[in-house]
Amino acid sequence: MSLQNCIAIDMGASSGRVMLGRFDLQSGKLALEEAARCVNSLVVREERQCWDVDALEKFILASLDKLIQQGIAPDSIGIDTWGVDYVLLNKQGERIGLPVSYRDDRTWGVMQKACADLGRQAIYQRTAIQFLPFNTLYQLRALCESQPEWLNDVRHALLIPDYFHYRLTGKLNWEYTNATTTQLLNSQSGEWDNALLEWTGANPAWFGKPTAPGVKIGDWKASTGLSVPVIAVATHDTASAVLAAPLTTDNVAWLSSGTWSLMGFESLQPYNDAAALAANITNEGGAEGRYRVLKNIMGLWLLQRVCRELAIDDLPALVREAEAQPACRSLINPNDERFINPVNMVREIQDACAGQGMPTPATAAALARCIFDSLALYYRFVLEELAAVRGAPFSQLHIVGGGCQNPLLNQLCANACGIPVVAGPVEASTLGNIGSQLIAHGSVRDVTHFRQLVTQNFPLNTFIPQASDAYSRSWALFQSLTHSVKELCV
């Protein structure tokens, strides 16, 4: 058959989608069709911020059934999600405990304890992963200290995409790209680090050997009796997004823009020297043994929360109104840890501005402009950190993901960074998910070949830097903000 159908289940921290990818082997045409989309939001369980994994599973199964009923005979299924969070199973394979979110406050102070007990440099040398207070390393320690009665019943710990794989196939798997986000994988061996697991109190036997993207886990059996292979794609959504980013040279940085903004570059070697540690740069796993050398930025979570709190559902109109606002009138450090999950994001941003002696953004448009300007300047800050770590500047920034649909933010990013910005594709995580499946099938040679197909089949928009007096004047002030607050990554 010249036509292949791959189903990509792409679950983000704020929304999920099930997409059908159709690839014509003869023409090279690649197309996406949306089958279903859902909202993903936190729920409170026993005073903890949790994921409703049961509702997400129902959405996945209903969406798959819908496609089968439409006569689709998929060649495979792949799942990608956010990182670091996990689910525990007992010996019967049943879930125990709560699927607690990384935005829950149970880990506050645990990272500092780890650095005191084990040494910040020692942890970094073992893992090459950035210090974030919600990494799985700290989540497990918090769990083992607060719920010791569960520990004897636990047999397996599965990261979120691996849990959904298990629910579809009954098979256990630990996929490598997502495993690297935990800060529990040894960067030299590629295996779980027993010394770090021992510090958490978790049993290393909970974790199986990490597997590279492209492994067939098992089969999902539809109610019709159809059996569909389930492929472990690059299951961390950013790993999938980067796989689909049509990077053209070694001097192109990438930005995966969504609930989180993740900025980085691709490398065949990790960067875990003193300069990388000082900048808190992470080296997450990618496809084909590539590293995603990157840094986390709070991203459009700030805007999503503002829109939710102010009941704004017309985002394009808000972006147009924000464009008419004065540039850099109010600025925040978007990576200030106060913005991880405040009770009220609008008030938190306003208080941050007032506390810095800046005008308080009073309208939705002013709040949005504050967020956009602050993100654009922080993108420059991180881009310069990354360039310093690798010892060479970047000539272009490639933005993928849902955030690349925001033309104002794209242009402000180009203005702030002083290099061209190329935006697209929008559904990068979904495309990378499908790309992993096609590579596993042998229909696409490798990542480079797949990126060529993405460039041929999906539109890209270029934003040329424009001189900005406001950004030039505000740069020194913004740099001071990055040192005057407690950042998420410190």
Heavy atoms only: give me the nearest [X]-[Y] pair and the separation to one decimal.
{"X": "Trp220", "Y": "Ala222", "result": "CH2-CB, 3.5 Å"}
{"X": "Thr282", "Y": "Gln130", "result": "OG1-N, 3.0 Å"}
{"X": "Phe463", "Y": "Pro407", "result": "CE2-O, 3.7 Å"}

Keeping [X] on the side-chain end and [Y] on the backbone end, is there a donor-acceptor pair under 3.5 Å?
{"X": "Asp85", "Y": "Tyr102", "result": "yes"}
{"X": "Asn410", "Y": "Cys404", "result": "yes"}
{"X": "Gln405", "Y": "Gly402", "result": "yes"}
{"X": "Asp446", "Y": "His449", "result": "yes"}
{"X": "Thr180", "Y": "Glu284", "result": "no"}
{"X": "Gln437", "Y": "Ile7", "result": "yes"}
{"X": "Asn335", "Y": "Met298", "result": "yes"}
{"X": "Gln183", "Y": "Leu137", "result": "no"}
{"X": "Arg305", "Y": "Val346", "result": "no"}

Point to revise | Inter- and intrachain pairs under ring pair (Phe, Tyr, Trp, His ring centres under 6.0 Å), touching residues 49-74, at least two apart | key: Trp51-Trp82
Check your understanding: Do any pairs count as a ring pair (Phe, Tyr, Trp, His ring centres under 6.0 Å) and have a residue in residues 424-445, sequence neighbours left out, and if so which ones?
Key -> none
Check your understanding: Any side-chain heavy atom of Val233 sitting closer than 4.5 Å to one from Pro213?
Key -> no
Side chains of [X] and [Y]: do they bring a donor and an acceptor to under 3.5 Å?
{"X": "Ser14", "Y": "Thr259", "value": "yes"}
{"X": "Asn5", "Y": "Arg22", "value": "yes"}
{"X": "Asn433", "Y": "Ser240", "value": "no"}
{"X": "Tyr86", "Y": "Thr136", "value": "no"}

Revision key, fill the gap. Hits for side-chain contact (heavy atoms from CB on, under 4.5 Å) against Glu46, two or more places apart or cross-chain, chain-then-number order -> Leu98
Who pairs with [X] by ring-ring contact (aromatic ring centres under 6.0 Å, His included), at least two apart in sequence or on another chain?
{"X": "Tyr291", "value": "none"}
{"X": "Trp192", "value": "Phe207"}
{"X": "Tyr271", "value": "Phe265"}

Practice item. Check the surroundings of atom CD in Gln26: do more than 12 heavy atoms from other residues, nucleotides or ligands lie under 6.0 Å from it? Key: no
